[in-house]
Amino acid sequence: MCGIFGISLESDVALGSLLRRALERLEYRGYDSAGIAVVTPHGVVVKKDAGKVVDVARKLGFDQVRGRTGVAHTRWATHGKPNQANAHPHLDCTGTIAVVHNGIIENYEELKAELIAKGHVFKSETDTEVFAHLMEEYEREGLAPWDAFKKALSRIKGAFALAVIDSKEPDKIFFARNLSPLIVGLGEGFNLVASDIPTVLEHTKKVLPLRDGEYGYITPTSVVVEHDGVAVKFEDRVQLIPWSADQALRGGYPHFMLKEIHEQPEALASTIAGLETRRLLEVAEMLINARRVYIVGAGTSYYAGLTFQLGLASYKIAALPIISSEYATYEDLFDVDDVAVAISQSGETIDTIKAVRAMRERGVKVVAVTNVVASTLARESDVVLYTRAGPEIGVAATKTYTTQVALLAALHAQIGRALGVDVTTRDENLKKLPNVVKKALELNEGSAKMLAEKFKDRQSAYYLSRGLGMPVALEGALKMKEIAYIHAEAYPAGESKHGPIALVENKFPVVFVFSDPSLKEKLLNNVAEMQARDALVVGVVPRGDDVAKKLKYVFEVPHLDPLLNSASFVVPLQLLAYYTAVELGRDPDKPRNLAKTVTVE
């Protein structure tokens, strides 16, 4: 995910070198380009390009830049390819205002059109650049930089963290936060802003985590914070950070996987904020008019695709799900007028890319669902939908799955809208999803730790459900296999009597996913079958549902609708797998035999 650093000092220093070191500390977040902007006596100097920090800094001479106020940024592409023009910082037309930004400005297209009509010239494909031109426009109208910043802020929608320098106020860095994290670091003779704590520890351990909706500015000797036009008294919120540098890189979490599990509310908010209605409508029309629909993916991405395939049945659209490595079995079906939805976090999964190439050779149109701009899958598809979840460092995909399900649920709603179905409830539920996942984390972490102590001694486990609960069961079992190395098998609960129940005995773990209330009674019959054999039965159930009374061990998750439950009900199963792995002494971030991106067949 992108990274921000900005500092304002009392004295002139080798600021380019200082900013370069901050960028190096931001590298762990993942990025594809880097840049700095510094206020100098000759105006704002910007140096930026695609590539690694060390290479960009050496090529452009970051270390030779001197100054007192500057901002730096590592960009992970969301709007526009990773290249020099799209790298941050972005300037206004006069070159006096420089902006770095994390997140997504949802209404940037309408703002860009408005600004172009007023004569502004854009140099990038990014959403970020509109903010520089908005400030410029309001300064043209006579506002001071601080007032122009606030007025520009009032015009943008979405999830964002911003840091802005303006050579007309050379000691100030303006900042704002909405959903995307941003902190203020407090020092003697300097103050700074940054995306995270690891980036500031070289300078200070006194930090102020900003809250959503807060904005303000720093100078070397002062910090101003406002919310809704009212000054914020923040002194009591300043924290003294005790972490080591290594702890800080993981945000205080013992593993990146646990950190990323907890980042899911933010990742989902980013996915939802980045939905492009026109692009979704284009894809919806393609799928409605397709002769045949294929859904292609591998592992976690395949399971996310299954939620979409099952959801399409409600619109009487029969889609064929294909595991990427098995595409050749279906090759003779591929034809013009067919459409495939190909899903891959990295966009580099070789099995999925080979399936897509085989399809396109036969005239199939391909819609890519991926997290990485300009990836191979994105380049080789007809249309791309980006999940915008930010990079994952842990090998086990967690926010990958939940953001893919969220995006596909939004596409499902768009298809319904195109078919004349009332999708108001889905739209409302989608907005609730980040908070529901946050609640699922709060409610279930303790139970996951407790149950992990019971799972760690078992050799096998079943994960059972029906309908839209099945992809959740499959993903939960996959996580247990991947990082705890416990054999976990998922299958439709109705299949139990056809063989699998033969293995069930005292304390055999069986996890039931109750994400679709319409199938509750049938699942309860299967629960009774397992309880009769003294299995260790665990349920993932809607919060407040009476099904919890029939089970000894439950994870409770607020109910939205069965399709969106596919994103939230998996969260306790991620935690269960994580804590079981930890109980067994495994490294959840680097499970044996697995790679984050599978680029070989």
Side-chain angles (χ1 to χ4, degrees), residues 261-262 264-265 267-269 271-272 303-304 306-314 398-399 401-413 416 421-448 451 463-476 490 492-493 510-527 537-576:
I261 288 173
H262 281 265
Q264 289 179 110
L268 285 162
T271 300
I272 294 164
Y303 297 149
L306 285 182
T307 67
F308 187 55
Q309 180 250 338
L310 293 167
L312 286 178
S314 65
T398 51
K399 57 183 179 179
Y401 173 83
T402 50
T403 55
Q404 287 173 345
V405 171
L407 186 147
L408 291 167
L411 177 58
H412 184 267
V421 177
D422 182 359
V423 294
T424 305
T425 302
R426 167 62 53 72
D427 290 342
E428 292 171 351
N429 285 342
L430 194 59
K431 293 176 184 174
K432 296 176 184 174
L433 183 59
N435 282 333
V436 165
V437 167
K438 185 177 180 182
K439 194 67 182 178
L441 289 163
E442 294 170 358
L443 288 172
N444 296 302
E445 192 141 22
S447 299
L451 278 167
Y463 284 64
L464 308 185
S465 192
R466 292 170 182 258
L468 274 163
M470 267 313 298
V472 181
L474 288 160
E475 177 63 8
V510 185
V511 179
F512 284 89
V513 178
F514 285 82
S515 59
D516 186 345
S518 69
L519 299 169
K520 180 173 75 173
E521 295 306 322
K522 286 180 179 291
L523 269 181
L524 282 173
N525 290 335
N526 300 121
V527 167
V537 177
V538 179
V540 188
V541 307
R543 189 183 189 196
D545 194 294
D546 60 4
V547 71
K549 299 175 184 174
K550 302 178 186 297
L551 300 167
K552 186 175 181 180
Y553 302 109
V554 293
F555 294 115
E556 292 192 277
V557 182
H559 171 71
L560 289 172
D561 61 63
L563 187 51
L564 285 176
N565 285 352
S566 300
S568 53
F569 276 52
V570 80
V571 171
L573 304 183
Q574 295 170 345
L575 291 169
L576 178 61

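Only heavy atoms go into these numbers, but all of them, side chains included; no hydrogens, no water, no symmetry mates.
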Please examine the side chains of Glu475 and Val472, heavy atoms only from C-beta on, and report whether any two atoms are closer than 4.5 Å.
no
For residues Leu430 and Ala410, report the shortest heavy-atom separation together with the two atoms involved.
CD2-CB, 3.8 Å
Side-chain donor/acceptor of His412 to backbone N/O of Gly311, under 3.5 Å
yes
Verify, without hydrogens or angle tests, whether Glu556 (side chain) and Gly544 (backbone) share a donor-acceptor contact under 3.5 angstrom.
yes
For Ala448 and Phe555 the tightest heavy-atom approach is N-CE2, 3.6 Å
Would you please test Leu524 and Lys550 for side chain to side chain contact (heavy atoms under 4.5 Å, CB included) and show each step?
CA-CA 8 Å; Leu524 282 173; Lys550 302 178 186 297; 3.7 Å; yes
Apply side chain to side chain contact (heavy atoms under 4.5 Å, CB included) to residues Leu573 and Val513 and explain how you reach the verdict.
CA-CA 10 Å; Leu573 304 183; Val513 178; 4.2 Å; yes
What closest approach, in Å, do Ala567 and Thr402 show between heavy atoms, and which atom pair accounts for it?
O-CG2, 3.3 Å
Validation row: Lys432, Leu560 side chains within 4.5 angstrom (heavy atoms):
yes
Is it the case that Gln574 and Thr398 place a side-chain donor and acceptor less than 3.5 Å from each other?
no
side-chain contact (heavy atoms from CB on, under 4.5 Å) with Leu576: of Asn444, Val538, Leu451, Val540, only one passes, and it is Leu451
Is it the case that the side chain of Gln264 and the backbone of Ile261 share a donor-acceptor pair, with hydrogens and angles ignored and the cut-off at 3.5 Å?
yes
Apply salt bridge (Lys or Arg N to Asp or Glu O under 4.0 Å) to residues Glu428 and Lys431 and explain how you reach the verdict.
CA-CA 5 Å; Glu428 292 171 351; Lys431 293 176 184 174; over 6 Å; no
Heavy atoms only: give me the nearest Pro471-Leu306 pair and the separation to one decimal.
CG-CB, 3.8 Å
Set out, in order, the CA-CA distance, both residues' side-chain angles and the distance that settles side chain to side chain contact (heavy atoms under 4.5 Å, CB included) for Leu468 and Phe569, then state yes or no.
CA-CA 11 Å; Leu468 274 163; Phe569 276 52; over 6 Å; no
Using 0.5 Å steps for rounding, measure from the NE2 atom of His262 to the CD atom of Glu442.
9.5 Å
To the nearest 0.5 Å, what is the distance between OG1 on Thr425 and CG on Asp561?
8.5 Å
To the nearest 0.5 Å, atom CD of Gln404 lies from atom OG of Ser566 at 12.5 Å
Rounded to the nearest 0.5 Å, the CG atom of Leu563 sits from the CG atom of Asp516 at a distance of 10.5 Å
Tightest non-hydrogen contact, residues Val423 and Ala413, listed as CG1-O, 3.6 Å
Has Lys520 got more than 12 heavy atoms of other residues, nucleotides or ligands less than 6.0 Å from its NZ?
yes
In Å and rounded to the nearest 0.5 Å, what is the NZ to OG distance from Lys438 to Ser568?
15.5 Å
Are Tyr303 and Val405 side-chain neighbours, meaning at least one heavy-atom pair lies under 4.5 Å?
no
As a test of understanding, state which of Leu523, Asn565, Val557, Val554 forms a side-chain contact (heavy atoms from CB on, under 4.5 Å) with Phe514.
Leu523
Please walk me through it: do Arg543 and Leu443 pass side chain to side chain contact (heavy atoms under 4.5 Å, CB included)?
CA-CA 10 Å; Arg543 189 183 189 196; Leu443 288 172; 3.8 Å; yes
With rounding to the nearest 0.5 angstrom, report the CG to OG distance, Leu564 to Ser515.
11.0 Å
Which pair of heavy atoms, one from Ser465 and one from Met470, lies closest together, and at what distance?
O-SD, 3.5 Å
